[in-house]
Chemist: 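Below: one structure in structure tokens.
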Amino acid sequence: MLRLTSPFPLSFSSISNPNLPSSFPRPSLYLPNSTSQTTSLRINTLQPLSCSISSSVDQITPISQMQEDSLLLYSRAYWVTESVIAWNVDVQNGVCYLLSSKNASLSISNSQIQGEDLKIKLQEDKAGLSANVVEKFPHIRGYRTFNLPPGSDVKSLLKSQLAVAIYDSDEKCRNCTGLQLPGVLDELFSYNGPLGAIFSEEAVSLYLWAPTAQSVCAYIYKHPSGDDPIEIVPLEEEHGVWKTKGPTSWEGCYYVYEVCVYHPSTSRVEKCYANDPYARGLSSDGRRTFLLNLDSDELKPDGWDNLANEKPILHSFSDISIYELHIRDFSANDLSVQPEFRGGYLAFTLPDSTGVLHLEKLSSAGITHVHLLPTFHFAGVDDEKENWRKVDTSILESLPPDSDQQQALITAVQDFDGYNWGYNPVLWGVPKGSYASTPNGPNRTIEFRKMVQALNHIGLRVVLDTVYNHLQGNGPFDEHSVLDKIVPGYYLRRNTDGFIENSTCMNNTASEHFMVERLILDDLVHWAVNYKIDGFRFDLMGHIMKSTMLNAKNALHCLAKEKDGVDGSNIYIYGEGWDFGEVAKNGRGINASQFNLSGTRIGSFNDRIRDSMLGGSPFGNILQQGFVTGLRLQPNGHDHGTEANMKSTLAASMDHIQIGMAGNLQDFVLTNSKGEEVKGSEVLTYGGTPVAFASSPIETVNYVSAHDNETLFDIVSIKTPMDIGVAERCRINYLATSVIALSQGIPFFHSGDEILRSKSLDRDSYNSGDWFNRLDFTYNSNNWGVGLPPREKNEKSWSLIQPRLADPSFRPQRSDILATMDNFLNLLRIRYSSPLFRLRTANAIQQRVRFHNTGPSLAYGVIVMSIEDGHDGFPGLSQLDSIYSFIVVVVNASPQEVSFVSPSMQSRNLQLHPIQEMSSDDLVKSSKYEASAGCFSVPRRTTAVFVEPRKI
């Protein structure tokens, strides 16, 4: 998820444009020569502006001078088709006009608009908006409709400053506003031809989609920085696409576009200097696009073209297990990696490093995919390492474990060091330069490919974390703005006042617009084909339209080895299907939320099982306990209500977890804690929404921890009572991962879950540096107690955190880390010992999976799940497992041993799973099954797996 240091994406201090070609003078700040200019800058900086001059319908009432000055700063009308403009305005006896000014001279004073080149009378259409327009723009349903006269030169008008105005009978302007153009741009200029730099034997061609631009030039440079351009090439426009053809000698050069275009954020025609939205390479400072031919043999590691035939085998998406990892975390502190490779792509290519050896263990046990946090070009980390600032680790290591000095030193350099999660995208199609040994030239491409190849060769497929829901920059001057310089107001979703939506924290993108979706699909195919990526995770997927996600899946699955060099049918996509902000409840069209994606075979993170396991939610009281953290069974002193309330909450949590263990299927039938037979869709969360959202197990990604929020070990340490020992916290950590590992659906693990990873209780380490994000694959430390976590996100919890960090008994020993790692590997081995843990269809799960500790007389803190295979005693059920005919999983979250009797499981030939029999965990080895009584005895905080071998 997105992390942001400032609530406003555009700084008022953007005085100069860092992308400006060196041969041009720097523009000065727009000085406040007029009220409109001053207000324009202010609005662009502090958006959205609350200047309350509108209601549900813009009224025709007398307007003050101050209101007049601000009217043209808004864009409350929508040009939705070539001939239709929609505006939520009360016309009364007035007349509506469209006004345009090519040099952006529109102004209003004394109820008169000046500066227009054209003034076109519009005709109100009482029939209202058409069904297809309402489908595309549901948030303007009910707006009034105005038609342009036939023969209007619409394409030319779209290159100008535009406004619509209501004139009264006395020729005075009673209301006016700017226009939002995506609807008409989509109708007139949707385009499926080439974009970006295209290489051939004869030429290098450039294509840029910019239908509102008045002119476009390309500045060609020999070097990544400095010097004057070797050429300034004007591009020619054809149907909204600007293009030029240059010599093959351009390959290896750099370029910047100059786009002359009206920009609504400044109400001026601007000269914007921008990278190519389809850039495939960059200069080290990110200010010039590198002309890089990805098909060149020089950019391919040995054997690259054959990698599709060497991919780890994947029979079904149900066989996937995901391990989430940040590239820098992986090796920044690994002394077995040479310094120049640490924290970068090439660290994954060293077979004898501690990190790679650790990944090999995970791969051998069953992990199939490594999910890499953002690897595209993002803001927040300078690609030129010599510019980084660092803190002397010897000083940090000398400070007490509960000191606030570590975080003070780290945060002092956090915006100038080499660390950031990367959820602040600038260009989606270029590998991040800070992870390359050198960011200029082709190195980032070559080294990225070597990383993918190396991971594939140790049995791990690679998932990229995509962030298509927002962009770091906007406006004509922000150095991180690209798309909003090329076609201002198109790529970023705007509210009904015309200001950029920021519900994702910054600059929401609008995949409902044709060319935004096209850019997303092209980018996905680019990564899949040119970098042979095996899966994509979508950040804040709910802010993307469902149709975009379906088109993305189809575009990827159509890729074939013969023509594309990759097998797209094996590319898995999943994401965060949260439903909030302006897109909630399909506010901007049918969005890719959890419930809307049912039936698509696209995965969504299952927050229900996470919250029920741990307690509360990441947004609630941090002390709220859950199933594994001691709710009712080992209270931590927090007020959880009466005994009856705690029982009810724990029972409901167990229902939610069991639905999750059954793939979170909407139609899975469970006997709930009240003794009622209910479907998953009928089990409700505490907010009243259904727990289950999936129709296929591969639509559910089960997890208890991820990069967001506290690590698993940290959240366990904060929620459990202060007086339990560290060994018990370690068992709870293992217990939580066991439920995820043995559930139907796709299991997802945060890097370090398996080794008790701590971030010293930091709940949001997106910019907390290497110090708080350290991973230690030597297993000597889990990074607990390295100081109070950064003040910005954690200070309100410092009073709870400090005594825990100060207490040496909270720190795990190496033996604890090794034991947890061993148990984690065994859980994976168990998952992959039987296909019954990885059932492929909802029907198979419904037929085979049962829960036995249910109803009003349930034993609190115990979940008992069985999985049946076809055998002689169960006619009609096919055989999937050649070794085991029946499996029972008993999860005991209570702090003492439990015995559970099930008459339906009497006289079976069940035994502890051989992997657990051979385990170094003495507790799990003591688990027993007594056939005569059908009794399972399982020690405290243990998950035991019993299997019934087939008769030979």
Side-chain angles (χ1 to χ4, degrees), residues 329 332-333 391-414 419 614-616 618 621-625 628-630 634 636-638 705 707-733 736 750-753 755-776 778-817 820:
D329 290 352
N333 296 283
V391 179
D392 187 340
T393 55
S394 65
I395 296 175
L396 298 170
E397 290 168 351
S398 70
L399 297 169
D402 61 333
S403 170
D404 66 354
Q405 295 181 57
Q406 294 97 327
Q407 64 86 32
L409 291 168
I410 294 298
T411 54
V413 301
Q414 66 180 4
Y419 196 90
L614 300 177
N621 191 298
I622 197 172
L623 292 176
Q624 174 68 49
Q625 291 177 289
V628 301
T629 54
Q634 199 160 28
N636 61 7
H638 176 67
S705 71
H707 65 274
D708 279 323
N709 310 308
E710 294 86 355
T711 68
L712 177 56
F713 181 79
D714 282 351
I715 199 66
V716 167
S717 296
I718 204 79
K719 288 179 179 288
T720 50
M722 288 279 292
D723 57 358
I724 73 168
V726 68
E728 294 305 295
R729 294 191 184 92
C730 297
R731 287 208 72 79
I732 294 170
N733 189 106
H750 178 220
S751 54
D753 281 353
I755 52 175
L756 306 174
R757 182 184 189 177
S758 173
K759 297 180 182 178
S760 210
L761 292 165
D762 191 348
R763 67 169 281 107
D764 190 357
S765 67
Y766 79 104
N767 202 18
S768 299
D770 295 330
W771 180 253
F772 287 99
N773 286 285
R774 285 188 299 180
L775 274 170
D776 181 3
T778 68
Y779 315 134
N780 288 317
S781 168
N782 78 330
N783 206 44
W784 173 269
V786 296
L788 285 169
R791 182 186 302 272
E792 179 191 5
K793 301 285 186 175
N794 301 280
E795 185 178 17
K796 68 179 182 180
S797 298
W798 273 5
S799 60
L800 294 172
I801 292 171
Q802 190 160 22
R804 288 165 169 82
L805 296 180
D807 187 340
S809 70
F810 273 73
R811 184 187 301 275
Q813 302 303 306
R814 189 170 194 270
S815 58
D816 297 314
I817 297 170
T820 303

Chemist: For K759 and S765, indicate whether the former's side chain and the latter's backbone hold a donor-acceptor pair under 3.5 Å.
Modeler: no
Chemist: Counting C-beta onward and ignoring hydrogens, is there a side-chain heavy-atom pair between P790 and I410 closer than 4.5 Å?
Modeler: no
Chemist: Does any non-hydrogen side-chain atom of L712 lie less than 4.5 Å from one of H750?
Modeler: no
Chemist: Hey, are the side chains of P401 and R811 touching, using non-hydrogen atoms and a 4.5 Å cut-off?
Modeler: yes
Chemist: Yes or no on side chain to side chain donor-acceptor pair (under 3.5 Å) for R729 and T720, after CA distance, side-chain angles and deciding distance?
Modeler: CA-CA 8 Å; R729 294 191 184 92; T720 50; 3.2 Å; yes
Chemist: To the nearest 0.5 angstrom, please state how far the CG atom of N782 sits from the CD atom of Q813.
Modeler: 9.5 Å
Chemist: What distance separates Q405 CD from I395 CD1, expressed to the nearest 0.5 Å?
Modeler: 10.0 Å
Chemist: For a quick test of reading the model, state the closest non-hydrogen atom pair linking Q634 to Q625 and the distance between them.
Modeler: O-NE2, 3.1 Å
Chemist: Going by the side-chain hydrogen bond (donor to acceptor under 3.5 Å, both in side chains) test, which pairs reach into residues 799-808, not counting sequence neighbours?
Modeler: D807-S809
Chemist: Going by heavy atoms in the side chains, are V786 and R774 under 4.5 Å from each other?
Modeler: yes
Chemist: Check ring pair (Phe, Tyr, Trp, His ring centres under 6.0 Å) between F772 and all other residues, then give those that pass, not counting sequence neighbours.
Modeler: none
Chemist: Using side-chain heavy atoms (C-beta onward) and a distance below 4.5 Å, is N794 in contact with D762?
Modeler: yes
Chemist: Hey, could you give me the OG/CG distance between S394 and L396, rounded to the nearest 0.5 Å?
Modeler: 8.0 Å
Chemist: Taking the side chain as every heavy atom from C-beta outward, state whether N636 and Q624 have any atom pair closer than 4.5 Å.
Modeler: no
Chemist: To check you understand the geometry: which heavy-atom pair defines the closest contact between Y419 and D770, and what is its length?
Modeler: CD1-OD1, 3.3 Å
Chemist: For L761, run the side-chain contact (heavy atoms from CB on, under 4.5 Å) check against L800, T711, D714 and tell me which one passes.
Modeler: D714
Chemist: With rounding to the nearest 0.5 angstrom, report the CG to OG distance, N773 to S760.
Modeler: 11.0 Å
Chemist: Nearest 0.5 Å, please: how far is CD in Q407 from CD in E795?
Modeler: 8.5 Å
Chemist: Please report the shortest heavy-atom distance between P803 and M722, naming the atom on each side.
Modeler: CB-CE, 4.2 Å
Chemist: Given I715, which partner from the list I622, N709, N733, I732 fulfils the side-chain contact (heavy atoms from CB on, under 4.5 Å) test?
Modeler: I622
Chemist: Show the nearest heavy-atom pair for residues D753 and T820, with the distance to one decimal.
Modeler: O-CG2, 4.3 Å
Chemist: Indicate yes or no: at least one non-hydrogen side-chain atom of N333 is less than 4.5 angstrom from one of L775.
Modeler: no
Chemist: Return the CG to NE2 distance between L623 and H638, rounded to the nearest 0.5 Å.
Modeler: 6.0 Å
Chemist: Any heavy-atom pair between the side chains of I801 and P789 that's under 4.5 Å?
Modeler: yes
Chemist: Go through it in stages, so that I can follow the logic: the residues are R791 and W798, the test is side-chain contact (heavy atoms from CB on, under 4.5 Å), and I'd like the CA-CA distance, side-chain angles, deciding distance and then a yes or no.
Modeler: CA-CA 8 Å; R791 182 186 302 272; W798 273 5; 3.6 Å; yes
Chemist: Please work out whether the ring planes of W784 and F713 are parallel, tilted or perpendicular, with thresholds of 30° and 60°.
Modeler: perpendicular
Chemist: Looking at every non-hydrogen atom in both residues, tell me the closest pair between W771 and N783 and how far apart they are.
Modeler: O-ND2, 3.2 Å
Chemist: Please determine, by modelled atom types, if S781 and D776 share a side-chain donor-acceptor pair under 3.5 angstrom.
Modeler: no
Chemist: For D404 and L788, which heavy atoms make the closest approach, and how far apart are they?
Modeler: CB-CD1, 3.9 Å
